[in-house]
There are 2 protein chains.
Amino acid sequence: MPQPTTTPPTSGARTSDPDASTVERLLQAAAHAFADKGFHATTTRDIASGAGLSPAGVYVHFGSKEELLFALSRSGHESALRLLRSAIADGATPRQQLVAAMARFTEWHVEQYQVARVVQYEHHHLTPEHHAEVLALRKEMDSLVRDVLDRGVADGTFSVDDSADTALALLSIVVDVARWYSPTIRRTPTEIGATNATLALRLVGAGH
Amino acid sequence: MPQPTTTPPTSGARTSDPDASTVERLLQAAAHAFADKGFHATTTRDIASGAGLSPAGVYVHFGSKEELLFALSRSGHESALRLLRSAIADGATPRQQLVAAMARFTEWHVEQYQVARVVQYEHHHLTPEHHAEVLALRKEMDSLVRDVLDRGVADGTFSVDDSADTALALLSIVVDVARWYSPTIRRTPTEIGATNATLALRLVGAGH
DNA sequence: TCGGTAACTAAGCGCTTGCTTAGTTTCCCT
DNA sequence: AGGGAAACTAAGCAAGCGCTTAGTTACCGA
């Protein structure tokens, strides 16, 4: 009996909540590693030790490293989409919808910046089939934003030259948060969200 | 005599101009591969065959794969910085400077989208020393844009809440081009540049 | 109490990786 | 002509990779 049962057989540094389920810990460790180093620079041993497992332990729950990326990417896209939809549903006018969508989507990118980074920058490492699946979700996000703009233009609140171009610029501002954000930055998610909502109103000609 | 000299000993598909110098071809092949698959998913064999060399041929000109990334990243940052400076120098007013900077920097991201992708998304795979060197160039870009905004606010042309936040949003719109652009898109660099310049004027409250 | 199933590990397999070594060819300078 | 440096290749090495296999432990229902 070389080890008492209170000491788990972990060698690397944990990057996940020890109280979470094993699948949850694997997803957390993968999000941490993929966001930090990218999919290909992350080894399955990194993920395993981050979750407190041996290298083989990953394969009890996921068939491959790519399957882990897909699970993370799909659930990330789905929760982002859910957030966007609910923000838009909460607003009574296009103006309120745009403000809520920009603020809350930005906050998500800050609070979940590791998942957001995987969602925005790692999806092209998926297999063609998996990639096609998340691409459909990404197009849906784009449509949601463009529809808000179109409704605002229709009722005279917004004035934009091209709603597709403007929607892309709005999403660029939000998505790029996942690139530049670091937890060392002192601004809160709410502050960054409010800033981006204000910038959005300026972009659609409804700044005052 | 197994092969006539007119057939080069290439196995993979070339991704570089055969008339360019060897170093040039290596940089082109590396830019192509890094932009397409990322630094870690690219093998030195990919780069070698893309440049029409054997795997060992890379090491005649570069000491390591990371050194290749650094050469590409540094020269890319330098040419981007040169472009920004010259665009700003050409404008007589802050308004003209902002329009020129946004349009030309955007065009560069489209025309050189492979290099731009490496510049914007691969620099964190550099060694700490090399990373620090390009970070200084990146901060300089940010300052250049913020200074244009500050001058425009000072002379009353622009109206922004916070010049740092607004500069970041402007750069987000430009940088993000390297993420979403694909050569299959039918819009020209000039059109995309003009769109982003117009969006920039709206963001700084000088849209008309 | 015990059989079955699911979660897990130790060990390691086959392959690919970045890079090196030893040797060949090319070309320029005298 | 011929010596030397530079550019290049064939072959391959050590390390690390994703993933598998064989076996152990823990737990749960009958």
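Within every chain, numbering begins at 1; the chains are lettered A, B, ... in the order of the sequence lines, protein sequences first and strands thereafter. If you're wondering where the values come from, they're calculated on a predicted model, not measured in any experiment.
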B:Thr44 side chain near C:dT17 phosphate (N/O to OP1/OP2, under 4.0 Å): no
Aromatic ring pairing B:His109/B:Phe105, orientation class (parallel under 30°, perpendicular over 60°, tilted between): perpendicular
Single hit among A:Phe34, A:Tyr121, A:Phe70 for ring pair (Phe, Tyr, Trp, His ring centres under 6.0 Å) with A:Phe39: A:Phe34
Touch class at under 4.0 angstrom, heavy-atom based, for A:Ser21 against every strand present: nothing
Salt bridge (Lys or Arg N to Asp or Glu O under 4.0 Å) partners of residues 94-114 of chain A, not counting sequence neighbours, each pair once: A:Asp90-A:Arg104
Plane angle bin for A:His77 and A:His123 - parallel if under 30°, tilted between 30 and 60°, otherwise perpendicular: perpendicular
Residue pair B:Arg138 / B:Gln120, side-chain donor-acceptor N/O under 3.5 Å: yes
Pair B:Arg85-B:Glu140, salt bridge (charged side-chain N to carboxylate O under 4.0 Å, His left out): steps then yes or no: CA-CA 10 Å; B:Arg85 278 195 225 277; B:Glu140 180 64 18; 3.2 Å; yes
Side-chain-base donor-acceptor pair under 3.5 Å for A:Arg45 and D:dG16: no
Most 5' of A:Thr43 and A:Ala56 on DNA chain D, judged by nearest nucleotide: A:Thr43
Residue closer to the 5' end of DNA chain C, B:Ala41 versus A:Thr22 (nearest nucleotide): A:Thr22
Least distance between heavy atoms, B:Ser16 atom then B:Arg25 atom: OG-CG, 3.3 Å
Test item: side-chain donor near acceptor, A:Arg202 and B:Thr166, under 3.5 Å: no
Sub-4.0 Å heavy-atom contacts from residues 60-72 of chain A onto DNA chain C, ordered by number: A:Val60, A:His61
Atom pair distance, as rounded to whole Å: NE2 in A:His40 and C1' in C:dG18: 16 Å
Spacing between A:Tyr59 atom OH and D:dC17 atom P, to the nearest angstrom: 11 Å
Shortest side-chain distance from A:Leu53, nucleotide among D:dA10, C:dG18, C:dT9: C:dT9
Carboxylate-amine/guanidinium contact A:Asp142 A:Lys139, below 4.0 Å: no
Contact residues, residues 24-36 of chain A to DNA chain C [heavy atom, < 4.0 Å]: none
